[in-house]
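Residue numbers start from 1 in every chain, and the chains themselves are labelled A, B, ... in the order their sequence lines are given, proteins ahead of strands. From a predicted model like this one, the values you see are computed outputs, not experimental measurements.
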Number of protein chains: 2
Amino acid sequence: MLHAMPRSGQPQAFELVLAWVDAQILEGRLRVGDHLPAERELAATLDVSRAAVREAVRTLQAQGVVHSFVGAGPGGGTVLTSVPSRALSRLLRLHVALANFPLPDVIEVRIALERLSARLATVNALDEDLADARRALEVMRDPSIDRQAFNDADTEFHVALATAAGNRLASDLTAAIRESMRLPILDRFRHLRDWDEVVADLRSDHEAIFAAIVGRDADVAERLVEAHIRSAWQAITLADGGGAEHTRECADRP
Amino acid sequence: MLHAMPRSGQPQAFELVLAWVDAQILEGRLRVGDHLPAERELAATLDVSRAAVREAVRTLQAQGVVHSFVGAGPGGGTVLTSVPSRALSRLLRLHVALANFPLPDVIEVRIALERLSARLATVNALDEDLADARRALEVMRDPSIDRQAFNDADTEFHVALATAAGNRLASDLTAAIRESMRLPILDRFRHLRDWDEVVADLRSDHEAIFAAIVGRDADVAERLVEAHIRSAWQAITLADGGGAEHTRECADRP
DNA sequence: ACTCGCTAATGGTCTGACCATTTAGTGAGA
DNA sequence: TCTCACTAAATGGTCAGACCATTAGCGAGT
């Protein structure tokens, strides 16, 4: 049910390797921090070529399950990791770019997740957990900040709240969603006419959300987060000069 | 910021290919349904080996972005797809198995997502959109149903609601989360003592949720969904005979 | 006891070959 | 002219074997 089957019923060579690793993980023989057998050894064990093993490793790497290091001894080899956020980010980003996930859908999910995070942060977060969020607020207070830097600090604020909430899945998804929307948001930011007005609203939204969380008012925090995300999205979609509508997410990386 | 850098500053060969594909997608030159250049051709274009291209393709495949077909002509080649749900499922399943995402965290996110889906389904879903959910309800009404079949119908019910809600990201995430919890849930099901009582509760929960949705009462639907998920989780975690606690997700696939 | 250098093991990469599958064209036969 | 079988080409799938850069560990020499 899980893996795509090729034309015939035979699993592909790299799927054999994936199935082997799956089984090891499921049966608890492989845990985070453990080393996979060396590529040549695993290839010999499973009677496939080393190329097949490497393709499987790439698959696992794309899922954030392993990370490879060159060199001999304990420092080298392919190790089970626990960094799913990068993998989630890349996956979401690609599918948003392909329009498999329409942005309005993403926004709704983002609201649901950040409402959860706001509530959890209100209940669980200690003061030092909120240090990152506080720092992001400081950065956004700078009147001379440019649009990209503001957006990055904005992202950091929301991700910091999600992290402070202590729910790993929620925070990783939140980070992934923000990352997936980075280019579309920057594109709309660029076409904003009343930037100063928008950024003032965003600033006060953030301050109010933060105050509600440190004030331990979960209901208000939840409500403010939802209102903030909705109004911000509306501001950069409806109020733009119309230039963003037909602008395909154009690459601006150096 | 996105891709892991190897030891030195040089990007790895397969990352060159990924970057190229990324750029094509971002600039709109590659859309869903389009063919990637043939592996040999792409290798020549980017001046890397075919093995490197294949590793990149495996990465993209793991992200649900492409699917490969053997053979010449339009029927063959590697094609951009839009099936992120399998990729999401596998990613979540692995990380749940590795305990990178603790199950209680997953449950909280699931509640947030399904509350959203319930609300959206109440507002958006036409009657025919709910046919799958209705069919799953029928299946679960069978008194002689075994635990695995019940769980599969249960999953189908929740996923059908999410699909009827019309939010692709929410439904894909819901499906992925259910899939990632399948083995842990089945394991706990197996150790349940008062199965008949639990299943009766689940049945009535589902019927009530469905009634609230067709009755267009979003608030009630949301509330019922959250209560249902919480009570079901509590029933299979707290009320089990203690056997599930130390049972590592043991494989039961054929 | 310390240092230097060698060796082995690792992943990273490339080359070149062969296979199975599929399409498209081509030619022989009706 | 049409039809069918066959061939050729293009595709991904797989493998074997080589070489490289990096790293850890060991051992000889000081």
Within residues 11-62 of chain B or reaching into it, pairs that qualify as ring-ring contact (aromatic ring centres under 6.0 Å, His included) - sequence neighbours excluded: none
Given atom CD of Gln12(B) and atom P of dG11(C), what is their separation to the nearest angstrom? 12 Å
Atom CG of Leu16(B) to atom C1' of dC14(C): distance rounded to whole Å? 14 Å
Using the ring-ring contact (aromatic ring centres under 6.0 Å, His included) criterion, which residues pair with His95(A)? Sequence neighbours excluded. Phe101(A)
Using whole Å, what does the distance between atom C1' of nucleotide dC15(D) and atom CD of Glu39(A) come to? 15 Å
Tell me: NE2 of His67(A) to P of dT10(C), nearest whole Å? 18 Å
Atom CG of Leu36(A) and atom C1' of dG11(C): how far apart are they, to the nearest Å? 12 Å
So, with a heavy-atom separation below 4.0 Å from DNA chain D, the residues of residues 43-66 of chain B are Arg50(B), Arg54(B), Arg58(B)
With sequence neighbours left out, which residue pairs that include part of residues 160-189 of chain A fulfil the ring-ring contact (aromatic ring centres under 6.0 Å, His included) condition? Phe189(A)-Trp195(A)
Output all residues satisfying side-chain hydrogen bond (donor to acceptor under 3.5 Å, both in side chains) with Asp132(A), sequence neighbours left out; order by chain, then residue number. Arg135(A)
Output yes when at least one side-chain N/O atom of Thr78(A) is less than 4.0 Å from OP1 or OP2 of dT10(C), else no. no
Nearest-nucleotide pick for Ala13(A), side chain only, options being dG13(D), dG12(C), dT14(D): dT14(D)
Whole-Å gap separating C1' (dT13(C)) and CZ (Phe14(B)): 12 Å
Any Lys/Arg nitrogen of Asp34(A) or Arg29(A) sitting under 4.0 Å from an Asp/Glu carboxylate oxygen of the other? no
Indicate yes or no: does Asp187(A) engage Arg182(A) in a salt bridge with an N to O separation below 4.0 Å. no
With the side chain defined as heavy atoms from C-beta on, Pro74(B) is closest, among dA24(C), dG12(D), dC15(D), to dA24(C)
Starting at atom CZ of Phe69(B), determine the distance to atom C1' of dA10(D), rounded to an integer number of angstrom. 16 Å
Would you kindly compare Arg40(A) and Gly76(A) by the position of their nearest DNA chain D nucleotide and give the one closer to the 5′ end? Arg40(A)
Which whole-number value in Å describes the distance from His35(A) NE2 to dA9(C) P? 15 Å
Sequence neighbours excluded, which residues qualify as ring-ring contact (aromatic ring centres under 6.0 Å, His included) partners of Phe157(A)? His206(A)
